[in-house]
Number of protein chains: 2
Amino acid sequence: MNSAAPRSGEGTIAKALEVLDLVAQLERPVRFSELLALSPHPKATLYRLVQTLTSLGMLRYDAERQTYAPGLRLVRLAHAAWRQSSLAPIARPFVDALSAQVGETVHLAQMDGGQVLYVDKRNAAEPLEMFSQAGKVGPGYCTGVGKAMLAFMAEDALDTALSQQAWFAHTDHTHTSRESLCAELAEIRSEGVAYDREEHEPGIICVAAPILSDAGRSIGALSVTTSTARKSLADLSQLAPHLQSTARDIAGAAANWQFPSQ
Amino acid sequence: MNSAAPRSGEGTIAKALEVLDLVAQLERPVRFSELLALSPHPKATLYRLVQTLTSLGMLRYDAERQTYAPGLRLVRLAHAAWRQSSLAPIARPFVDALSAQVGETVHLAQMDGGQVLYVDKRNAAEPLEMFSQAGKVGPGYCTGVGKAMLAFMAEDALDTALSQQAWFAHTDHTHTSRESLCAELAEIRSEGVAYDREEHEPGIICVAAPILSDAGRSIGALSVTTSTARKSLADLSQLAPHLQSTARDIAGAAANWQFPSQ
DNA sequence: AAACCGGTTTCACTATGTGGAACTTCCACA
DNA sequence: TGTGGAAGTTCCACATAGTGAAACCGGTTT
């Protein structure tokens, strides 16, 4: 995943962030040597980067186990980011209302680096614990929210986003090529809603509606997720109008504020 | 607040983070010139830093309003940090149980840079949502959780933490000097619990218990907060044993995992 | 005791980031 | 329409700050 992204050969800061990303990606405390193996930097350089990040609180070093993990300082910074750059605070009342009405899991997501970043979530009454919480990321090409957002992105942004997809076949229904996905994106554009037909996880389906800027670009997406055991795609399509109107409400509220359109 | 902290004169990465902190601290989109006024760097330098951070997704630039805000990439990183470096995931079931039993707001916090970082919260009625409350920071010297943690910190860590306090008199009851606080810390050490006697906000009181490592150092704290309108300090003290046992349970669970003691 | 393997330190080298100053918009006010 | 000023952007000679090969350390294994 890192070798596939020949990031801009920028400066020290970029390198530092790559390291942070790496540590975050691994999702567990890592030893120095593991990082070394995964990073393109020579030992001494990596060592210094890690030291610096640790002393700045961006990484946390567990002396006993000799491992590094992302540091709490990030949580602090993220709080500010979440409040200012995510739709969550603005969308909150609308998401609450929708969630209460449909009684299924509701997700609010935005695009970040070609991936779907969940910025808020309301669990159904009975929380079937899938992966996902605020801050969690998911793939763009095989989730409802992902496809809804991709469908309404500007030409160039879409292009770079598509180039960042993994095209991994999570299930039999997963799109595994740009072409096959693009065909569906056209449909989504005309319909105004996207469906996840068990493309990411077997047994899990969802309807998603994009949240659009005045210019018609996606600034986020909203979805209702359920399992095939409980509802069918047809059931979900009943919810589409409701979902869309909520999405419009959120867009309206966001317009008076600030919006990072894609 | 920044002038008071002549951070380690470290490298570029430190500078970049200072800028991020600055933007985050201001809690609203800021113009370049505002940052310039608040930062010690010359125009060109700051400009480059901001550009780099923006291109890396750590800052978000709103072209229309010409303002900068923390970027979503932080949220993504923070998710990993929260899961790996905070007590929240481990403590969750215990916090849930406590919250259900006492029916008041419960906070789980850790120390970060001399300040209290809330990593989880259960509201009396509402359910949790991640970064809205989790990720918030508060002062160490005048909150229940802050005092509980300070009381059980290692000598040197305590020293640096104390030097980072603002000693601002939020209310009549706020400690405004190291000496006066230290006196109370000794009491807290012997009692095992800390009280916030309207030291941070008038009308708000709480009991807090430290979460201790095997070595007896604080790795976090747990509190039950309420208002003087609903309960008295005496009422809260009834909850102390309950709170402490929950704290011990969390400590036990954390021991099998990883712990960043202070 | 010798080889090995993570982790840490050294140091000469130069790529990288620095910042004073000049330039370019874009307003506000005359 | 012109002029002054403030905000944002670019330039470029300079040296600081980061680089990385190699040596070093202190365990553990053979």
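A, B, ... follow the sequence lines: proteins, then strands. Residue 1 opens every chain.
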Next item on the list: Mind checking the CE-CD1 spacing from B:Met149 to B:Ile188? Nearest 0.5 Å is all I need.
Entry: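 If we round to the nearest 0.5 Å, B:Met149:CE and B:Ile188:CD1 are 11.5 Å apart.
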Next item on the list: Could you grab the distance from atom OG1 of B:Thr52 to atom NZ of B:Lys15, nearest 0.5 Å is fine?
Entry: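 It is 12.0 Å, given to the nearest 0.5 Å.
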Item checked: Partner set under ring pair (Phe, Tyr, Trp, His ring centres under 6.0 Å) for B:His170, not counting sequence neighbours ->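 B:Phe168, B:His200.
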Next item on the list: Round to a whole Å and report the spacing from CG of A:Leu53 to C1' of D:dG18.
Entry: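 So the two atoms are 14 Å apart, to the nearest Å.
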Notebook entry, point to check: Over how many whole Å does the gap from A:His41 atom NE2 to D:dG20 atom P extend?
Noted result: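 In whole Å, D:dG20 P and A:His41 NE2 are 8 Å from each other.
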Check: Should A:Thr12 be listed as having a side-chain N or O under 4.0 Å from OP1 or OP2 of C:dT16?
Finding: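 So the side chain of A:Thr12 is outside the cut-off, no N or O lying under 4.0 Å from OP1 or OP2 of C:dT16.
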Check: Does a nitrogen or oxygen in the side chain of A:Lys15 sit under 4.0 Å from OP1 or OP2 of D:dT19?
Finding: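 Yes.
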Margin query: With a 4.0 Å cut-off on N to O distance, would you call A:Arg76 and B:Asp112 a salt bridge?
Written below: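 Salt bridge between A:Arg76 and B:Asp112, a charged N being under 4.0 Å from a carboxylate O: yes.
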Between the protein and nucleotides 4-10 of chain D, list the N/O to N/O atom pairs that are separated by less than 3.5 angstrom.
| residue | atom | partner | partner atom | Å |
| --- | --- | --- | --- | --- |
| D:dG8 | OP2 | B:Ser33 | N | 2.9 |
| D:dG8 | OP2 | B:Ser33 | OG | 3.3 |
| D:dG8 | N7 | B:Lys43 | NZ | 2.9 |
| D:dG8 | O6 | B:Lys43 | NZ | 2.9 |
| D:dT9 | OP2 | B:Tyr47 | OH | 3.4 |
| D:dT9 | O5' | B:Tyr47 | OH | 3.0 |

Next item on the list: Would you sort out whether B:Phe32 and B:Tyr68 count as a ring pair (Phe, Tyr, Trp, His ring centres under 6.0 Å), showing the intermediate values?
Entry: CA-CA 7 Å; B:Phe32 175 76; B:Tyr68 294 89; 7.1 Å; no
Check: Of all heavy-atom pairs between B:Val116 and B:Pro139, which one has the smallest distance, and what is that distance?
Finding: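 Shortest heavy-atom separation between B:Val116 and B:Pro139 comes out as CG2-O, 3.5 Å.
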Note to self: Both A:Pro42 and B:Arg48 contact DNA chain D. Taking the nearest nucleotide for each, which residue is further toward the 5' end?
What the structure shows: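 Between the two, 5'-proximity favours B:Arg48.
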Margin query: Both distances below 3.5 Å, Watson-Crick or wobble geometry, any strand: find the nucleotide opposite C:dT16.
Written below: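 Paired with D:dA15.
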